[in-house]
Amino acid sequence: QVQLVESGGGLVQAGDSLILSCVTSGRTIGIFSMGWFRQAPGKEREFVAAISRNAIKTSYVDSVKGRFTISRDNAKNTVYLQMISLKPEDTANYYCAAANSASFISVWPEDSAYDYWGQGTQVTVSS
């Protein structure tokens, strides 16, 4: 049973920073391509960032490029999302996801590519 547990969310002001963490258990994270998604109230779930198994490739939605950084520590079974210069429009529940991947370099922005999901951590950015 693979489980993903996110942490690090909270209430911050515009311009602040946060680091989200996602710890996996049940399987080593090294076999997964990882992603972060978010969902704001009344909106569909949105791709935020993804990282390949070997961390060589990353992908970001345009709205977070230059502000968010995805990284992973396979030894700690953890993937991170560093967020700086937060904006009110970043307010959402942030989900970590894992995709079984034979490729070491693939990243996927489509949520249908992911096999496992966490419960989410809420990020609220006040103006």
Side-chain angles (χ1 to χ4, degrees):
Q1 183 81 10
V2 176
Q3 291 188 322
L4 287 71
V5 179
E6 304 95 334
S7 63
L11 172 62
V12 297
Q13 293 186 332
D16 284 352
S17 302
L18 280 175
I19 299 177
L20 306 184
S21 300
C22 172
V23 178
T24 65
S25 61
R27 300 286 297 277
T28 175
I29 198 174
I31 68 171
F32 298 120
S33 176
M34 301 297 294
W36 284 97
F37 291 77
R38 65 187 179 186
Q39 187 168 22
K43 295 187 177 181
E44 292 193 354
R45 186 165 57 193
E46 172 189 36
F47 168 75
V48 176
I51 188 166
S52 62
R53 286 178 61 184
N54 61 6
I56 296 299
K57 288 191 67 175
T58 58
S59 178
Y60 299 91
V61 66
D62 285 347
S63 61
V64 308
K65 286 180 179 178
R67 299 189 299 120
F68 289 13
T69 302
I70 189 171
S71 61
R72 64 190 296 160
D73 185 336
N74 288 349
K76 295 183 178 180
N77 283 318
T78 303
V79 63
Y80 304 95
L81 186 67
Q82 181 179 6
M83 307 184 293
I84 66 171
S85 302
L86 282 161
K87 304 176 181 180
E89 51 263 44
D90 294 319
T91 295
N93 204 4
Y94 283 71
Y95 298 91
C96 171
N100 286 297
S101 176
S103 167
F104 281 87
I105 62 171
S106 295
V107 292
W108 289 284
E110 304 88 358
D111 58 4
S112 59
Y114 292 84
D115 302 287
Y116 306 100
W117 293 83
Q119 294 299 306
T121 185
Q122 178 68 33
V123 173
T124 302
V125 184
S126 64
S127 58

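A quick note: this is a predicted structure, and the numbers were derived from the prediction, not measured.
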Asks: For Arg38, what residues pass the salt bridge (Lys or Arg N to Asp or Glu O under 4.0 Å) criterion, not counting sequence neighbours?
Replies: Glu46, Asp90
Asks: Is it the case that the side chain of Tyr60 and the backbone of Ile70 share a donor-acceptor pair, with hydrogens and angles ignored and the cut-off at 3.5 Å?
Replies: yes
Asks: Under the rule for side-chain contact (heavy atoms from CB on, under 4.5 Å), what residues qualify as partners of Gln13, not counting sequence neighbours?
Replies: Asp16, Ser126
Asks: Under 4.5 Å between any side-chain heavy atoms of Val79 and Trp36, yes or no?
Replies: yes
Asks: May I ask you to decide if Glu6's main-chain N or O and Gln119's side chain share a donor-acceptor pair within less than 3.5 Å?
Replies: no
Asks: Shortest non-hydrogen contact from Thr24 to Arg27?
Replies: OG1-O, 3.9 Å
Asks: Please tell me whether Val23 and Tyr95 are part of a single hydrophobic cluster in this structure, the criterion being side-chain heavy atoms less than 4.5 Å apart.
Replies: no
Asks: Identify the residue among Trp108, Tyr94, Tyr114 that makes a ring pair (Phe, Tyr, Trp, His ring centres under 6.0 Å) with Phe37.
Replies: Tyr114
Asks: For Ala40 and Ala92, work out which heavy atoms get closest and say how close.
Replies: N-CB, 3.8 Å
Asks: Is there a donor-acceptor pair under 3.5 Å between the side chain of Arg53 and the backbone N or O of Ser101?
Replies: yes
Asks: Distance from Asn77 atom CG to Thr28 atom OG1, nearest 0.5 Å?
Replies: 5.0 Å
Asks: Tell me, please, which residues at least two apart from Thr124 pass side-chain contact (heavy atoms from CB on, under 4.5 Å).
Replies: Leu11, Thr91, Gln122
Asks: Provide the closest heavy-atom pair for Ser127 versus Pro88 in the form atom of the first, atom of the second, distance.
Replies: CB-CG, 3.8 Å
Asks: Nearest 0.5 Å please: distance from the CD1 atom of Ile29 over to the CG atom of Leu4.
Replies: 7.5 Å
Asks: Which residues pass the ring pair (Phe, Tyr, Trp, His ring centres under 6.0 Å) test with Tyr116, sequence neighbours left out?
Replies: Phe32
Asks: Output the distance between atom CE (Met34) and atom OG1 (Thr78), rounded to the nearest 0.5 Å.
Replies: 9.0 Å
Asks: Under 4.5 Å between side-chain heavy atoms, counting indirect links through other Ile/Leu/Val/Met/Phe/Trp/Tyr residues: same cluster for Val48 and Val107 or not?
Replies: no
Asks: What about Ile51 and Tyr80, same hydrophobic cluster or not, with Ile/Leu/Val/Met/Phe/Trp/Tyr joined at side-chain heavy-atom distances under 4.5 Å?
Replies: no
Asks: Measuring from atom OG of Ser85 to atom CZ of Phe68, what distance do you get when rounded to the nearest 0.5 angstrom?
Replies: 9.5 Å
Asks: Is there side-chain contact between Val123 and Leu20, with heavy atoms separated by less than 4.5 Å?
Replies: yes
Asks: Kindly write out the residues that satisfy side-chain contact (heavy atoms from CB on, under 4.5 Å) with Glu44, not counting sequence neighbours, or none if the list is empty.
Replies: none
Asks: So, do Ser33 and Ser106 sit near enough that their side-chain heavy atoms are less than 4.5 Å apart?
Replies: no
Asks: List for me each residue that meets salt bridge (Lys or Arg N to Asp or Glu O under 4.0 Å) alongside Lys65, sequence neighbours excluded, and say none if there are none.
Replies: Asp62
Asks: Using every non-hydrogen atom in the two residues, find where Ser59 and Phe47 come nearest and quote the distance to one decimal.
Replies: O-CZ, 3.6 Å
Asks: Any chance you could measure Asn74, atom CG, to Asn54, atom CG, to the nearest 0.5 Å?
Replies: 9.0 Å
Asks: So do the side chains of Thr121 and Ser7 get within less than 4.5 Å of each other, counting heavy atoms only?
Replies: no
Asks: Quick check for you: to the nearest 0.5 Å, what is the distance between Glu89 atom CD and Ser63 atom OG?
Replies: 8.5 Å
